[in-house]
Amino acid sequence: MKKGEKLFVVDLESVSIFPDENLYNLAKSERYKKTPFLYLVSSYVRNKSLDHIYENLKYISKKQTGSWMVYCFEKV
């Protein structure tokens, strides 16, 4: 990305429902077998992607639209 370019991340919060700590604790227990795989994978991908983006880009804003969260970042 070039300086000044923006990145928008769109997250379907009704599917990526677990923060990192909850996801880790769930994976260590037998409860993960009763949790839809889609929720586990979506949560993991969202968490790791946002962690990496926060480290490398400047956070600008986020906006909730129904079940969707839209994050805005900028390359500085």
Side-chain angles (χ1 to χ4, degrees):
M1 289 180 69
K2 296 177 184 174
K3 184 177 179 178
E5 288 185 325
K6 290 186 173 51
L7 171 71
F8 294 90
V9 176
V10 181
D11 174 36
L12 181 56
E13 291 192 317
S14 61
V15 177
S16 55
I17 58 177
F18 298 112
D20 265 342
E21 187 174 319
N22 293 29
L23 190 59
Y24 177 74
N25 290 331
L26 183 65
K28 288 189 333 184
S29 73
E30 289 293 311
R31 291 178 301 153
Y32 81 91
K33 292 179 181 178
K34 295 179 182 175
T35 306
F37 192 64
L38 177 64
Y39 295 161
L40 300 172
V41 171
S42 296
S43 298
Y44 180 82
V45 169
R46 188 258 335 256
N47 295 342
K48 294 305 172 196
S49 296
L50 286 178
D51 286 348
H52 181 72
I53 292 168
Y54 275 115
E55 290 175 4
N56 295 288
L57 299 176
K58 178 183 173 190
Y59 169 78
I60 303 295
S61 64
K62 67 180 176 181
K63 181 176 179 173
Q64 181 85 37
T65 22
S67 295
W68 300 92
M69 180 67 76
V70 180
Y71 298 86
C72 178
F73 298 90
E74 182 178 8
K75 177 72 173 176
V76 289

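Any value given below was found using the heavy atoms of this structure, including those in side chains, with hydrogens, waters and symmetry copies removed. Computed from a predicted model, the values in this text were never measured in an experiment.
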Min side-chain heavy-atom separation V9-V70 under 4.5 Å: no
hydrophobic_cluster_shared for V45 and L7, side chain cutoff 4.5 Å: no
Approximate separation, where rounding is to 0.5 Å, of R31 CZ and L26 CG: 5.0 Å
Common cluster, I60/V76, ILVMFWY with side-chain heavy-atom separation under 4.5 Å: no
Mutual orientation of the aromatic rings belonging to Y59 and Y54 [parallel < 30°, tilted 30-60°, perpendicular > 60°]: tilted
Straight-line distance of K75 NZ to K2 NZ, nearest 0.5 Å: 12.5 Å
Same apolar cluster: W68 and Y39, side chain cutoff 4.5 Å: yes
Validation row: L50, F73 side chains within 4.5 angstrom (heavy atoms): yes
From OG (S16) to CG (L38), nearest 0.5 Å: 9.0 Å
Where at least one partner belongs to residues 36-46, residue pairs that pass salt bridge (charged side-chain N to carboxylate O under 4.0 Å, His left out), sequence neighbours excluded: D11-R46
Side-chain donor/acceptor of S43 to backbone N/O of I17, under 3.5 Å: yes
Same cluster (ILVMFWY, side-chain, under 4.5 Å), M69 and F18: no
Separation of H52 NE2 from L57 CG (nearest 0.5 Å): 8.0 Å
Whether over 12 other heavy atoms sit under 6.0 Å from E21 CD: no
Separation between NZ of K63 and CZ of F8, rounded to the nearest 0.5 Å: 11.5 Å
Contact check, side chains of K62 and C72, non-hydrogen atoms, under 4.5 Å: no
Ion pair E30/K33, N-O distance below 4.0 Å: yes
Check: Q64 side chain, G66 main-chain N or O, donor-acceptor pair, under 3.5 Å: yes
Cluster link V10 to I53, ILVMFWY, side chain under 4.5 Å: no
Value rounded to 0.5 Å, distance of OH in Y44 from OG in S49: 9.5 Å
